[in-house]
There are 2 protein chains.
Amino acid sequence: MPFPFFNAHHSPVGAFATFTFGMKGPKGGLGHELAGPANEPIYIGVETIDGGHYQALPFYGEAHTSAENFDVEGLGDMQFTTAVKPFADEDIVRNFGCAVDEWCAGDLSFRVYSPPQIVPDPKGEDARHVLTPSLIVELSVDNRKGQHDRKAFFGYAGSDRTVGMRILDEPGMVGIGQGTSIAIATEDEGVYAGLGWQPEAILNPRLNENLGFMLGSIGLLVGVVPAGKIRTFTFAVAFFKEGTATTGIETRYLYRRWFNRIEEVLQASFENAESLISEAHGFDDALANQLQGSRRLMAAHAIRSYYGSTQLLEDRLGRPLWVVHEGEYRMMNTFDLTVDQAFFELVMHPWTVRNVLDQFVERYSYNDGVRFPGDSEIHPGGLAFTHDMGVSNAFAPATRSGYEQAGLTGCFSYMSSEELTNFVLAAGLYISHTQDNDWAQSRLETLLACLQSLENRDNPRSDHRNGVMGLDANRCAGGSEITTYDSLDTSLGQARNNLYLAVKGWATYLVLEHLFRQLGDESAANRSLLQAERAAQTIKGAQDEDGMLPAIMGEGVESRIIPAIEALVYPKVIGIEIKDSELVNVLKKHFETILVPGICLFENGGWRLSSTSKNSWLSKIYLCQYVAEQMLDQEEDNRADDVHWSWLMDDDNAYFAWSDQMLQGKAVGSRYYPRGVTSVLWMAKGDRPLRQIEEHLAGNRVKCESLP
Amino acid sequence: MPFPFFNAHHSPVGAFATFTFGMKGPKGGLGHELAGPANEPIYIGVETIDGGHYQALPFYGEAHTSAENFDVEGLGDMQFTTAVKPFADEDIVRNFGCAVDEWCAGDLSFRVYSPPQIVPDPKGEDARHVLTPSLIVELSVDNRKGQHDRKAFFGYAGSDRTVGMRILDEPGMVGIGQGTSIAIATEDEGVYAGLGWQPEAILNPRLNENLGFMLGSIGLLVGVVPAGKIRTFTFAVAFFKEGTATTGIETRYLYRRWFNRIEEVLQASFENAESLISEAHGFDDALANQLQGSRRLMAAHAIRSYYGSTQLLEDRLGRPLWVVHEGEYRMMNTFDLTVDQAFFELVMHPWTVRNVLDQFVERYSYNDGVRFPGDSEIHPGGLAFTHDMGVSNAFAPATRSGYEQAGLTGCFSYMSSEELTNFVLAAGLYISHTQDNDWAQSRLETLLACLQSLENRDNPRSDHRNGVMGLDANRCAGGSEITTYDSLDTSLGQARNNLYLAVKGWATYLVLEHLFRQLGDESAANRSLLQAERAAQTIKGAQDEDGMLPAIMGEGVESRIIPAIEALVYPKVIGIEIKDSELVNVLKKHFETILVPGICLFENGGWRLSSTSKNSWLSKIYLCQYVAEQMLDQEEDNRADDVHWSWLMDDDNAYFAWSDQMLQGKAVGSRYYPRGVTSVLWMAKGDRPLRQIEEHLAGNRVKCESLP
């Protein structure tokens with residue numbers, strides 16, 4: 001198991017940027033808008049106490065001198081003897097938090113601060129402080145036992161293929177970087193910057209004037225720790241993208257409001273450093289107060305991965321656009337992620353949930369007919385939403401996703417019905433948490449259209465409706481809709497008559513009823529209630545004699561699935577009383593019956609979402625754990641937590657930071673993924689879950705400081 | 001031998017951009033500011049005459065579907081059966097010119113047009129037409145024998161790691177691209193664009209609405225060729241970089257004056273297409289009139305590689321900065337390349353030579369002392385120039401290069417003395433060709449400083465001077481200066497007392513004399529003449545009894561080097577009469593004696609620049625061939641030409657387009673390189689070489705068309 005050597009994100013919010021590291025070798029780096037780690041060598045080290053040699057954290061590989069491409073016969077005298085060696089694994093300790101990641105080895109300690117912060121709506125407040133696209137890093141050396149001054153260093157070898165490494169030329173700071181987009185700098189006294197093919201050329205330059213060797217692939221910042229002293233260096237790690245950020249919709253990063261050059265970002269970072277560091281410690285303390293063991297580690301890890309995928313843009317009219325990229329896939333604002341991430345986002349920046357919902361309504365919705373399976377007749381359908389808004393910085397055309405393809409029955413088919421439920425559920429979460437009644441009122445029409453569309457997707461004839469989706473979108477062109485479990489077998493992959501989606505539909509109708517009553521539309525509320533009752537009836541009616549429910553109702557698919565219980569989360573978090581306790585009992589019975597080895601537990605005790613598949617999604621396990629514990633009276637399954645953490649720590653998985661989709665413990669898809677923030681629900685043990693999380697994580701801490 | 005399957009550049013001027021292709025497999029692509037080929041699959045093909053299947057030029061590999069990263073258990077139904085096959089090698093014919101590269105296979109022909117064009121000084125004239133950063137491409141299918149309509153296609157899979165492929169959304173055109181920086185489009189009727197993981201998904205989409213699959217890595221443009229017809233599609237291939245182009249000096253691409261979006265570049269390309277195509281044919285005809293066989297091929301290939309490295313910027317005040325990147329090394333305006341490329345640049349855009357010289361004087365020059373070898377006493381030196389101006393879009397600090405390192409005796413040491421000669425020689429070439437007397441006058445002081453510095457680098461005592469560089473720059477800090485042959489052994493690597501540099505110094509003094517007389521400074525002219533005479537005397541005095549000259553004079557290095565004759569090119573091209581015919585005869589005798597197998601000919605007849613090294617530079621061979629033929633009465637050595645071409649066509653070399661440095665025929669350094677434009681001298685067979693080349697290549701052709 002690679003602990004502590006696993007990659008984790010360290011990211012500012014909204015910059016689609018990350019300092020990923022933790023794996024041994026050149027497997028991390030400063031990644032900007034990437035689908036995975038940048039695979040750059042990172043150098044963090046200190047001179048040995050007896051001098052002349054160096055020890056470094058093991059985040060680099062063989063220094064690759066390119067001299068042989070110039071000096072083809074090896075006649076030159078540029079080469080340096082290796083003087084930097086990695087610390088031994090057993091001498092390295094990692095204190096891994098969500099906001100502080102600390103590495104200690106020998107006399108050296110290294111800390112990266114990237115605290116989750118409340119992001120104010122940039123419409124109203126000045127969010128410059130929070131949205132500065134940078135991290136703060138500290139490198140400390142305890143040289144109290146040292147007889148000599150010792151050098152300490154931090155740097156990297158950039159992988160941007162279009163620009164070379166450079167030394168910054170900015171008054172008041174010393175820095176290195178690549179182009180206009182990535183830089184590391186310090187304001188500390190006496191630090192020097194150097195470039196070279198080998199770290200030794202910078203650490204032990206034969207002549208100082210050689211430090212500006214711009215062909216060098218490595219840049220280091222080097223400071224001196226006096227004999228007998230402890231010294232801590234503070235670095236800012238900044239990301240900056242200057243020009244057009246996306247196509248399809250022309251945008252720029254919102255931080256461009258305040259910053260024109262990366263040097264300005266660095267400057268602002270130094271100004272923020274102190275408060276950022278204290279905020280980071282505060283966050284990790286709060287998290288540790290609430291979660292322990294594998295849960296704390298998983299939540300910390302998952303939240304980090306979430307931030308690495310966040311991107312805050314503004315269009316040409318200055319309107320903010322919040323985007324979460326889908327990890328390794330980089331699909332933008334995938335709706336079935338949005339709904340899961342909403343629990344966390346509502347605590348940290350509720351306006352982004354509204355922002356994404358508005359983007360869906362205004363550009364990524366469409367009207368469509370529906371069809372019975374195997375039948376070409378088109379019945380009225382109604383409003384639906386796209387799966388996503390595009391891929392890798394390219395916004396999709398209006399009404400289209402980057403993912404969905406017609407004519408399929410499996411992966412890449414449409415998710416129209418599930419995205420419909422996702423709109424209602426996310427809107428319900430947002431409205432209940434923020435009490436933003438103006439927005440609720442403004443979206444009444446959309447909600448009515450959702451209800452209509454959901455009804456139509458159940459059955460064209462009102463008297464034939466059973467509350468469960470029974471018709472596929474006409475956009476499928478004869479194919480079948482799928483669910484967010486797109487690569488799972490039929491048990492969770494097929495949308496039609498799916499137990500998971502049926503419960504989610506039931507919850508959606510409950511939320512609609514709740515919202516319509518609040519908005520004063522009793523008739524729509526009653527229609528919603530009727531559909532909820534029908535759905536409950538259908539689900540309860542599907543229970544077999546062993547107390548289990550089939551994955552696909554009425555189609556002879558007898559797989560057993562954990563996510564049957566998932567959607568119970570929505571009435572709970574929104575604060576809707578579930579009057580149908582029988583349904584809850586049926587789901588509870590189902591859950592208790594299937595959560596056993598041979599059905600929905602792997603042999604090692606890990607949760608298996610479907611009895612007929614080895615494919616599990618951690619984000620969904622976390623969500624179902626919350627439901628099980630808070631609504632179905634189950635104990636915390638900490639043995640399972642340890643197994644789930646061990647999946648993330650698998651030799652092959654640890655490279656991808658937090659990953660969602662695990663095929664019998666191997667991250668095979670949905671890697672480097674943002675969705676695991678469902679884990680914050682673990683800390684909500686009372687009646688108002690989001691308020692509780694808010695109090696734990698965001699309550700007493702510094703909010704955005706308005707800067708001029 | 002891989003002919004015709006070798007990579008070649010196809011580049012607009014000044015965009016540091018290239019459509020490189022020709023190697024089989026995904027070994028070329030649309031490269032922007034890269035050190036080598038982009039390694040992207042390129043798809044160029046046509047439906048078979050019987051329909052359903054496709055044949056394509058072999059510039060792609062196995063289509064790499066990423067579906068397995070999503071559909072981890074392979075349950076989906078997205079896969080397409082392979083329907084695209086490469087044409088058989090023997091069915092492919094390439095007509096390779098400098099401006100037109102045509103590929104014919106079966107009924108398909110494919111032409112890329114990238115004509116070298118006169119670039120006017122953007123200060124005075126509107127250069128929009130010439131500086132539009134794009135290429136024109138034609139794809140023709142002869143379907144006269146076809147009974148069915150057939151699809152034809154062109155596209156690629158982009159390698160930019162931060163943005164996904166996209167379909168352009170621009171009225172009047174259909175296109176694909178990546179982000180804001182690379183795009184291919186057409187205005188032709190009925191062409192459609194599609195994205196997918198496999199070309200088949202775009203060529204044979206099951207449903208047309210699936211063509212917008214933004215997860216797809218491949219983008220194709222597909223048109224239909226009616227049965228019984230020939231149809232030609234016209235595409236524009238555009239490059240665009242929006243933001244800050246360089247650090248160190250903040251610049252943008254000069255074409256940003258006219259273009260704000262890549263779509264505007266495409267638009268302008270279509271407007272230019274017709275004249276560009278006719279210009280391309282005109283250029284290739286002119287070239288073919290002058291050069292045949294391997295010489296024509298090498299010149300065409302080399303000129304292409306030159307353009308791929310060119311970059312025209314402007315600073316914040318709107319002042320143009322001309323940069324040639326150094327091929328795979330991407331050093332900017334390496335001075336020892338500038339002087340070689342000047343022969344070509346003066347014909348095509350003389351103002352860029354002045355522009356680069358001005359950059360050297362204003363920012364990349366310095367004053368330095370000099371030292372005798374092994375002695376730490378510093379004697380007065382004087383003006384010198386840096387080796388380059390930075391690396392890979394990062395300008396170096398003023399007075400510093402990216403390359404030079406102190407304390408060395410070999411590769412990466414200083415080239416101060418040779419760069420001094422390069423300034424004088426390039427200035428002399430520029431002034432004589434353009435008759436720009438104002439500039440000459442404005443640089444009189446610099447030329448005087450060059451003379452002073454050259455004298456001081458000969459010997460501190462005037463009466464000890466022998467016309468040859470004898471002291472190393474103090475910046476070497478005790479090391480030794482080198483020459484442009486930086487990775488060759490002492491015979492060409494060491495600057496001090498080097499025969500090659502001595503003759504170059506002699507030529508430099510002659511040019512200085514010429515310029516000072518022209519500028520009315522008789523005293524400086526006489527000083528220059530004296531130094532030229534001393535140099536000639538030293539060189540002649542070094543002749544041994546066999547009529548050969550030693551590579552290092554007076555130091556017992558008896559290697560024999562061809563570049564002894566190289567610098568004869570300068571008086572010839574500038575039009576300075578060489579009064580010392582004895583020197584020419586000594587050099588001629590030397591050359592004739594060494595150009596034999598066992599000394600400076602490889603066994604196969606290729607030229608070997610130094611008898612003690614296997615390292616040769618093609619650009620320098622071309623230059624020396626010109627001198628040998630036009631000044632030393634040698635026949636064209638076409639056997640050697642064929643060998644040199646065969647080096648470029650070597651299995652391992654063909655990937656790097658035109659490369660300079662060959663270790664016994666293998667391109668081991670200076671690959672993907674701009675310097676081979678010395679080959680244009682081959683076509684200068686009279687007394688005014690540059691005028692001749694100008695008449696051949698640029699004389700009767702369209703000049704820049706001013707557009708509104």
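Throughout, a chain's letter reflects where its sequence line sits, starting with A, and its residues are numbered from 1.
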By a 4.5 Å heavy-atom criterion (distance strictly below it), what part of A:Ser413 contacts chain B: side chain, backbone, both, or neither? neither
Top of B:Leu211, B:Leu408, B:Thr409, B:Val163 for chain A proximity - count of heavy-atom pairs under 4.5 angstrom: B:Leu408
Bottom line for A:Gln405: the part with an atom under 4.5 Å from chain B's heavy atoms is both
Note: vs chain A, highest number of non-hydrogen pairs under 4.5 angstrom among B:Asn393, B:Asp169, B:Thr180, B:Leu34 is B:Leu34
Check salt bridge (charged side-chain N to carboxylate O under 4.0 Å, His left out) between B:Asp486 and all other residues, then give those that pass, not counting sequence neighbours. none
So for A:Phe16, is it side chain, backbone, both, or neither that comes closer than 4.5 Å to the heavy atoms of chain B? neither
Between A:Phe412 and chain B, which part of the residue has a heavy atom less than 4.5 Å away: side chain, backbone, both or neither? side chain
Are the ring centres of B:Phe213 and B:Trp197 closer than 6.0 Å? yes
With a 3.5 Å cut-off and no angle check, do the side chains of A:Tyr253 and A:Gln311 form a donor-acceptor pair? yes
Measuring from atom NE2 of B:His32 to atom OG1 of A:Thr162, what distance do you get when rounded to the nearest 0.5 angstrom? 9.0 Å
Please state whether the side chain, the backbone, both or neither of B:Arg166 comes within less than 4.5 Å of a heavy atom of chain A. side chain
A:Thr612-A:Asp489 side chain donor-acceptor pair, cut-off 3.5 Å: yes
Which atoms of B:Gln178 are under 4.5 Å from chain A, going by heavy atoms: the side chain, the backbone, both sets, or neither? neither
Most contact-rich option vs chain A, by heavy-atom pairs under 4.5 angstrom, among B:Gly248, B:Gly479, B:Gly243, is B:Gly243
Residue B:Lys666 excluded, over 12 heavy atoms near NZ under 6.0 Å: yes
A:Arg330: which residues meet the salt bridge (charged side-chain N to carboxylate O under 4.0 Å, His left out) condition with it, sequence neighbours left out? none
Contact class of B:Leu488 relative to chain A, heavy atoms under 4.5 angstrom: backbone
Residue part contacting chain B, namely of A:Ser159, when any heavy atom lies under 4.5 Å: both
